Asks: 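If you scroll down you'll find the structure; I have some questions about it.
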Amino acid sequence: MAIGIYVRISKADKKNHSVSNSIENQLILINRYIDGTDLNKEERIIFTDDGFSGRNGKRPSFRRLLAKMFLGEIDKVIVKDFSRLSRDHILVSEIRQIICPEIGVRLISVADEYDNRLECNSELSLEFRSLFDEYYCFDISQKVKSALAARKEEGRYAVAKLPFGYRFNECGDVVIKEDEAVIIRDIFNMAADSYINREISDVISMKYNKNMNINAVWRILNNPMYAGYHVWHKYENDFRKYNSKKLLPSDEWKYEKDDSVAVIDKNLWDDVRNLRGMIKKSSPKKPRHIFHGITKCGECGKALVRSRKESNLLVCRNCSGSEEERIYIDELFNIIKHIVNDKIGKEYLFDEKYKEVFIQTLVKRVIVNNRKGIKIYWNFNDTKWGAYVKNHS
């Protein structure tokens with residue numbers, strides 16, 4: 001058993017030269033605390049995330065820390081304060097009140113004078129502190145969102161990456177790339193002639209020797225910018241989930257007409273829209289599966305998704321345009337469970353509530369290939385587990 005020391009500094013802290021939150025200062029404070037207690041003879045493992053937001057739950061060292069907690073390799077975690085651990089109020093509360101007690105990890109926050117082995121801690125004051133930590137990020141998010149909205153309402157393009165067919169000129173204005181505009185016009189003309197996306201993808205790929213998949217065709221045909229519209233407020237960020245956003249219904253989007261960015265005329269745009277139907281309003285998605293974002297098809301490299309017909313089955317919808325079966329969710333979970341139990345030498349008790357947290361913490365990527373088998377890559381690179389390979393059919 002060892003002590004896990006977790007330290008983190010964000011890009012904003014580094015930019016503002018925040019001495020109190022520097023990695024070195026956090027380590028000095030934590031090591032000084034350990035040296036003054038009966039923990040001073042125990043092994044110390046340092047986990048450092050340099051330049052990561054506290055709202056990002058996928059920080060590499062943070063995941064390694066959680067993995068070692070779950071696997072029983074560390075039984076104590078010490079941080080300078082809970083804002084270093086996370087600025088997500090709910091996540092901090094779950095780690096402090098549920099996960100650490102259930103897996104037997106001692107959690108200490110030096111600046112907060114917190115130790116979960118002691119009964120004198122004030123949970124109410126800690127809850128307020130973590131709420132303020134989260135509000136700090138929320139306040140910055142709102143200010144950035146307002147600034148971007150103001151730029152867009154002035155007719156200025158306020159994103160880093162432009163759609164296919166456009167570029168920034170030397171003055172920072174958006175202009176059309178004529179060599180790509182030719183491809184876009186062909187796509188719209190074929191759509192107006194009743195070609196389906198798969199057919200358009202095949203023709204464009206052969207004609208221009210360019211890999212144009214059906215998803216790219218769909219995005220082009222559904223982007224009003226090609227008809228001369230600046231569009232914004234298509235998405236809203238989910239503040240509770242770092243770097244996640246949801247598509248809003250099309251009647252909530254904001255438009256600004258700008259003929260200088262029109263690749264096709266409005267008549268062709270309307271013809272395609274009338275032929276194919278207007279953009280449907282987004283509907284609530286089904287709950288994501290526990291391997292969301294980490295399972296890939298070994299044939300094409302695209303993400304595996306739930307089958308529409310069988311929710312426990314992961315399929316690839318890209319290889320043939322239809323659902324090709326890859327693996328059952330329960331089967332994949334049992335494979336990982338067996339590996340973990342074998343490696344740690346004991347039966348790990350998997351709480352149903354934390355299946356997804358456990359999987360997302362331990363597993364970096366799963367490649368499923370019906371012919372070559374399953375490859376599992378782990379999130380922590382300081383172990384000798386390697387990539388697990390299993391024949392699968």
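Not measured: the values here are computed from a predicted model.
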Asks: Measuring from atom CZ of R8 to atom NZ of K80, what distance do you get when rounded to the nearest 0.5 angstrom?
Replies: 10.5 Å

Asks: Is the side chain of E323 donor-acceptor paired with the backbone N or O of R308 at a distance under 3.5 Å, no angle test?
Replies: yes

Asks: Determine, for Y229 and K257, whether the Lys NZ or Arg CZ falls below 6.0 Å from the six-membered ring centre while staying within 45 degrees of the axis.
Replies: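 Ring-cation test returns yes.
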
Asks: Check whether the side chains of N25 and S22 place a donor and an acceptor atom closer than 3.5 Å, and report yes or no.
Replies: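 Per modelled atom types, N25 and S22 side chains form no pair under 3.5 Å.
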
Asks: May I ask you to say whether R326 pairs ionically with E324, meaning some side-chain N is under 4.0 Å from a carboxylate O?
Replies: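 Yes, R326 and E324 are salt-bridged.
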
Asks: Under 3.5 Å, is there a donor-acceptor pair between the D50 and T48 side chains?
Replies: no

Asks: Could you check whether D35 pairs with R44 (Lys NZ or Arg NE/NH1/NH2 to Asp/Glu carboxylate O, under 4.0 Å)?
Replies: yes

Asks: Might you confirm whether atom OH of Y195 has over 12 heavy atoms from other residues, nucleotides or ligands at distances under 6.0 Å?
Replies: no

Asks: Parallel, tilted or perpendicular for F291 and H289, by the 30°/60° rule?
Replies: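 Taking H289 first and then F291, their aromatic rings sit tilted (interplane angle of 30° to 60°).
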
Asks: Please report the closest heavy-atom contact between I176 and A181, naming both atoms and the distance.
Replies: CG2-CB, 3.7 Å

Asks: Check side chain to side chain contact (heavy atoms under 4.5 Å, CB included) between R106 and all other residues, then give those that pass, not counting sequence neighbours.
Replies: L39, K76, I108, D115, N116, R117

Asks: Just by distance, with hydrogens left out, do D81 and Y114 show a side-chain donor and acceptor under 3.5 Å apart?
Replies: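 Per modelled atom types, D81 and Y114 side chains form no pair under 3.5 Å.
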
Asks: For residues N215 and R317, is any side-chain donor paired with an opposing acceptor at under 3.5 Å?
Replies: no

Asks: If only atom types and distance count, is the side chain of N369 paired as donor or acceptor with the main-chain N or O of G373 below 3.5 Å?
Replies: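 No; zero donor-acceptor contacts below 3.5 Å.
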
Asks: Taking only residues two or more places apart in sequence, or in another chain, which ones meet Y226 in a side chain to side chain donor-acceptor pair (under 3.5 Å)?
Replies: none

Asks: Applying side chain to side chain donor-acceptor pair (under 3.5 Å), can you list everything that pairs with K210, at least two apart in sequence or on another chain?
Replies: none

Asks: Salt-bridged, D271 to R273, with N to O below 4.0 Å?
Replies: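 Salt bridge flag = no for R273 with D271.
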
Asks: May I have the step-by-step check of side-chain contact (heavy atoms from CB on, under 4.5 Å) for F82 and L107, ending in yes or no?
Replies: CA-CA 10 Å; F82 284 122; L107 179 62; 3.7 Å; yes

Asks: Among the clusters formed by ILVMFWY side chains lying less than 4.5 Å apart, do I34 and I28 turn up in the same one?
Replies: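 Unlinked, I34 and I28 end up in two clusters.
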
Asks: Does the Lys NZ or Arg CZ of R84 fall within the cation-pi geometry relative to Y6 - under 6.0 Å from the ring centre and within 45° of the axis?
Replies: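 Verdict for Y6: no cation-pi partner in R84.
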
Asks: Does CD belonging to E325 count more than 12 external heavy atoms closer than 6.0 Å?
Replies: no

Asks: Between R306 (side chain) and S311 (backbone), is there a donor-acceptor pair under 3.5 Å?
Replies: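 Such a contact is found between R306 side chain and S311 backbone.
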
Asks: Begin from the C-alpha positions of C297 and N318 and carry the test side-chain contact (heavy atoms from CB on, under 4.5 Å) through to its verdict.
Replies: CA-CA 9 Å; C297 174; N318 182 69; over 6 Å; no

Asks: If the condition is salt bridge (Lys or Arg N to Asp or Glu O under 4.0 Å), which residues does R185 pass it with, not counting sequence neighbours?
Replies: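 Salt bridge (Lys or Arg N to Asp or Glu O under 4.0 Å) check on R185 returns E178.
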
Asks: Using the side chain to side chain contact (heavy atoms under 4.5 Å, CB included) criterion, which residues pair with L27? Sequence neighbours excluded.
Replies: I5, V7, I23, N31, I46

Asks: Counting only N and O atoms by type, is there a donor-acceptor contact under 3.5 Å from the side chain of S205 to the main-chain atoms of M212?
Replies: yes

Asks: Going by the rule salt bridge (Lys or Arg N to Asp or Glu O under 4.0 Å), which residues pair with K177 if we only count those two or more places apart in sequence or in a different chain?
Replies: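 Per chain and number, K177 pairs via salt bridge (Lys or Arg N to Asp or Glu O under 4.0 Å) with E180.
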
